[in-house]
Amino acid sequence: MVDQGKVYLIGSGPGDPELMTIKARKLIDSADVIVFDQLPGKEILDSLPDKAEKVDAGKYAGNHKLTQDEINNILIQKAQEGKRVVRLKGGDPYIFGRGAEEAEELIKAGIEFEVVPGITSAIAVPAYAGIPITHRNHASMALFMTGHEDPTKEESGLDWEFLAGFEGTIVILMGVKMLEKNIGALIEHGKNPKTPIAIIERGTRPDQRVTISDLANIVDVANEKGVKAPAITVIGDVVKISEVLGIMCTCN
Ligand code: SAH
């Protein structure tokens with residue numbers, strides 16, 4: 001019987017390859033198998049070692065994307081074959097990345113695993129646009145939320161009343177498709193329509209684009225510019241600081 005391998009749940013950071021941890025880089029370079037999504041971005045995916053077997057988890061198998069079960073099974077099976085398996089995800093694997101779900105399945109199957117945190121896009125992408133998510137004079141709190149949930153659905157995991165009244169910075173991941181509904185829900189629940197908002201597409205990558213407006217106008221502005229995923233949305237007074245800190249960013 002072969003010795004069992006191990007699975008490394010690795011966050012690749014927000015896209016700039018130099019924002020990947022040294023630990024992540026070393027493990028990637030010594031992996032037997034790498035199971036990846038597209039979110040790490042082209043530069044990082046192009047740098048994966050030739051000698052590793054690569055599995056694109058976002059690729060269509062037959063006529064469907066690999067399901068979460070299929071991904072879990074690949075990780076388990078390759079580890080049982082004695083391989084060093086890297087499960088590569090964008091940002092941090094435990095921030096809206098399903099990393100924890102995969103880890104739970106590995107534990108159930110008795111597979112050794114290790115998590116390698118990454119710099120999450122939720123913090124690094126605003127930073128590259130000149131937006132600190134906290135600031136002594138502007139925001140003493142910040143929260144991360146998914147923008148993916150339909151705010152009109154009955155059993156929402158999001159408390160719109162609370163969100164509209166929240167005095168800190170709100171960072172939305174996966175928020176492009178539902179932008180209009182989410183902004184509508186915030187305003188309807190009493191958030192000031194003049195609250196500043198930024199949407200940063202492809203943050204930390206060479207083609208990063210920053211769109212700044214207020215809640216009342218962002219939907220029109222975003223439609224006009226054709227804003228697309230992946231993008232981070234930041235809502236709150238800290239957005240204004242980009243007027244000072246964002247000046248050095250030549251990539252907008
Ligand atoms: N685990 C990841 C997030 C996965 S959810 C992390 O910690 O960063 C996917 C969402 O992440 C995208 O819809 C987008 O909102 C955000 N995202 C990830 N990388 C991004 C980037 N470089 N620029 C803008 N948004 C990004």
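Read the numbers this way: they start at 1 and go in the same order the structure lists the ligands and their atoms.
At least one side-chain heavy atom of Leu163 sits under 4.5 Å from a side-chain heavy atom of Leu158. In this structure, the side chains of Arg84 and Lys6 stay at 4.5 Å or more apart for every pair of heavy atoms.
Taking the six-membered ring where tryptophan is involved, the planes of His138 and His135 are perpendicular, since the angle between them exceeds 60° and thus also 30°.
Scanning all protein heavy atoms for the shortest distance to atom 10 (C) of ligand 1 gives Met174 CG, 3.7 Å. Atom 21 (C) of ligand 1 has Gly203 N, 3.6 Å as its closest protein atom, hydrogens excluded (heavy atom only). The protein heavy-atom contact nearest to atom 5 (S) of ligand 1 is Phe96 O, 3.3 Å. When hydrogens are left out, the protein atom nearest atom 22 (N) of ligand 1 is Pro14 O, 2.7 Å; that is the closest non-hydrogen contact. Looking only at heavy atoms of the protein, atom 24 (C) of ligand 1 is closest to Pro230 O, 3.4 Å. Here the protein heavy atom with the shortest distance to atom 15 (O) of ligand 1 is Ala231 O, 2.6 Å. For atom 7 (O) of ligand 1, the nearest protein heavy atom (residue, atom name, distance) is Thr120 OG1, 2.7 Å.
Within 6.0 Å of atom NZ in Lys26, 12 or fewer heavy atoms from other residues, nucleotides or ligands are found, so the atom counts as exposed in its surroundings. Glu101 CD: more than 12 foreign heavy atoms inside a 6.0 Å radius.
Comparing heavy-atom distances from atom 2 (C) of ligand 1 across Gly90, Gly175, Gly97, Pro93 singles out Gly90 as nearest. Distances from atom 3 (C) of ligand 1 to the heavy atoms of Asp92, Asp16, Ile95 put Ile95 nearest.
Using a non-hydrogen distance threshold of 4.0 Å, Arg205 registers as a contact of ligand 1. Within the 4.0 Å heavy-atom shell around ligand 1 one finds Ile200. Distances shorter than 4.0 angstrom occur between a heavy atom of Ser121 and an atom of ligand 1.
Remark: the Asn73 side chain and the Glu105 side chain contain no N/O donor-acceptor pair separated by less than 3.5 Å.
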Does the salt bridge (charged side-chain N to carboxylate O under 4.0 Å, His left out) test come out yes or no for Lys23 and Glu114, once each step is laid out?
CA-CA 11 Å; Lys23 189 162 195 165; Glu114 190 174 323; 3.4 Å; yes
Report task. Decide side chain to side chain donor-acceptor pair (under 3.5 Å) for Asn223 and Asp220; before the verdict, give the C-alpha distance in whole Å, the side-chain angles of both, and the deciding distance to 0.1 Å. Result -> CA-CA 5 Å; Asn223 284 340; Asp220 288 344; 4.9 Å; no
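With respect to Lys51 and Asp29, no salt bridge is recorded, no charged nitrogen being found less than 4.0 Å from a carboxylate O.
In the vicinity of Leu173, heavy-atom distances shorter than 4.0 Å reach the ligand 1 atoms 3 (C), 11 (O), 15 (O).
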